[in-house]
Amino acid sequence: NIVLGCITGAIWLGVSVVILSLTGVIHIDGRNQISMLWLWLFSAFINSVMQEVLVRGYLYQMIKNNYNIVVAVLISTGLFTFAHGGAFEAGILPVLNVITMSLFVTAVLEYTNSLIAPIIVHFLWNSVGAIILGGVSLAEDYPHLFNMTFGGNQLLSGGIYKIEGSVVVFVLNVIMIIGFIMAKKKKNIA
């Protein structure tokens, strides 16, 4: 599950960044010094662990066990989305990206039957995407090692909402959801 989480998280963030780089809408323009980088990364790890344990480890599992998977997915995704309230200020696409990210990570959970892979996927998005690359929005007090700039078509680049506002992330989230659902079905048949 650790390896699958690392591979999945790297593909998710990596493909997003590569596509946006190749289309010329994002660039790395400089580097910052971060005092105690390890502490910021640890903070992002704890943040990811807490969100995943609460949403998918506790609420999702409790609702799924007491009702069914559809109710569990709807309620946990709703709670996860509302916990990322900044997306609502940003517009419909960032909200859809949070929703589809939650569905994607839930599909990873269902495929692996473990919280480890979802935690790693979430952590890689936050740590590498935000703290290292500066392309994902975390709380404003989080630093970023590189300065990622966004230009061109805002639907593509995400504009001021960074890659979380990009249609590329939305499409990739949907592809990952479908991929993990299909893999789970195939796994159940075998």
Side-chain angles (χ1 to χ4, degrees), residues 1-13 16 39-131 136-142 161 163-165 169-190:
N1 290 336
I2 292 172
V3 173
L4 179 67
C6 289
I7 291 169
T8 302
I11 289 170
W12 181 38
L13 180 62
S16 298
L39 186 59
W40 290 106
L41 294 171
F42 182 70
S43 173
F45 177 71
I46 295 300
N47 178 292
S48 299
V49 168
M50 296 307 295
Q51 286 184 47
E52 293 303 323
V53 167
L54 174 64
V55 174
R56 273 166 274 284
Y58 177 69
L59 294 171
Y60 175 80
Q61 298 298 335
M62 179 186 67
I63 296 165
K64 180 181 166 188
N65 290 337
N66 289 316
Y67 297 96
N68 60 52
I69 194 168
V70 174
V71 173
V73 167
L74 290 173
I75 292 174
S76 64
T77 297
L79 291 170
F80 184 83
T81 303
F82 285 110
H84 292 79
F88 290 95
E89 298 168 13
I92 188 68
L93 191 53
V95 171
L96 289 174
N97 282 344
V98 172
I99 291 168
T100 55
M101 181 272 189
S102 183
L103 294 171
F104 156 50
V105 176
T106 301
V108 171
L109 171 68
E110 281 295 320
Y111 177 76
T112 62
N113 291 313
S114 168
L115 265 181
I116 293 170
I119 288 169
I120 292 170
V121 168
H122 196 156
F123 169 67
L124 287 174
W125 183 264
N126 287 351
S127 63
V128 177
I131 297 171
V136 171
S137 299
L138 289 179
E140 289 189 24
D141 54 344
Y142 277 85
Y161 304 111
I163 64 176
E164 290 171 311
V169 171
F170 176 75
V171 170
L172 193 55
N173 287 351
V174 171
I175 291 169
M176 297 293 265
I177 292 165
I178 293 167
F180 273 95
I181 289 172
M182 290 172 54
K184 172 74 174 176
K185 286 182 179 183
K186 186 175 182 180
K187 185 177 176 183
N188 288 343
I189 292 170

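One is the number of the first residue; the rest follow in order along the sequence.
- In F88, the CZ atom is crowded: over 12 heavy atoms of neighbouring residues, nucleotides or ligands sit closer than 6.0 Å.
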* Asked: Could you walk me through whether F104 and T8 pass the side chain to side chain contact (heavy atoms under 4.5 Å, CB included) check?
  -> CA-CA 11 Å; F104 156 50; T8 302; 3.5 Å; yes
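- Here the side chains of L13 and L124 are not in contact, with every heavy-atom distance at 4.5 Å or above.
- What you find for S76 and V55 is that their closest heavy atoms are O-CG1, 3.6 Å.
- Remark: the backbone N or O of S137 is paired with a side-chain donor or acceptor of E164 at under 3.5 angstrom.
- Annotation for C6 and I120: closest pair N-CG2, 3.5 Å, computed over non-hydrogen atoms.
- A donor-acceptor pair under 3.5 Å is formed between the side chain of S16 and the backbone N or O of W12.
- Distance check: T106 OG1 to F80 CZ gives 8.5 Å after rounding to the nearest 0.5 Å.
- A side chain to side chain contact (heavy atoms under 4.5 Å, CB included) with V105 is found for one member of T100, V121, L115, N173 and no other, namely V121.
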* To do: List the steps, then state whether side chain to side chain contact (heavy atoms under 4.5 Å, CB included) holds for K184 with N113.
  => CA-CA 10 Å; K184 172 74 174 176; N113 291 313; 4.1 Å; yes
* Asked: Stepwise, does the side chain to side chain contact (heavy atoms under 4.5 Å, CB included) test hold for E52 with L109?
  -> CA-CA 10 Å; E52 293 303 323; L109 171 68; over 6 Å; no
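- The distance from the CD1 atom of I63 to the CG atom of N68 is 10.5 Å, given to the nearest 0.5 Å.
- Using a 4.5 Å heavy-atom cutoff, the side chains of R56 and S102 are in contact.
- With values rounded to the nearest 0.5 angstrom, T81 atom OG1 is found 10.5 Å from N97 atom CG.
- Distance check, rounded to the nearest 0.5 Å: CD1 of I177 to CD1 of I99 gives 10.0 Å.
- Taking CD1 of I46 as the start and CG of L39 as the end, the distance is 10.5 Å to the nearest 0.5 Å.
- If you take CG on L74 and CG on L79, they are separated by 11.0 Å, rounding to the nearest 0.5 Å.
- Of all heavy-atom pairs spanning G165 and P94, the tightest one is CA-CG, 3.9 Å.
- Contact annotation: the side chain of I119 approaches that of F45 to within less than 4.5 Å [non-hydrogen atoms, C-beta and beyond].
- Put simply, the side chain of N126 never gets that close to the backbone of A44: no donor and acceptor are under 3.5 Å apart.
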* Does the pair K187 and E110 meet the rule for a side chain to side chain contact (heavy atoms under 4.5 Å, CB included), with working shown? -> CA-CA 11 Å; K187 185 177 176 183; E110 281 295 320; over 6 Å; no
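- Checking side-chain atoms of N47 against main-chain N and O of S43 turns up no donor-acceptor pair under 3.5 Å.
- In this pair, Y111 and F180 present their aromatic rings perpendicular. The plane angle is above 60°, beyond the 30 to 60° band.
- M182 CE: 12 or fewer foreign heavy atoms inside a 6.0 Å radius.
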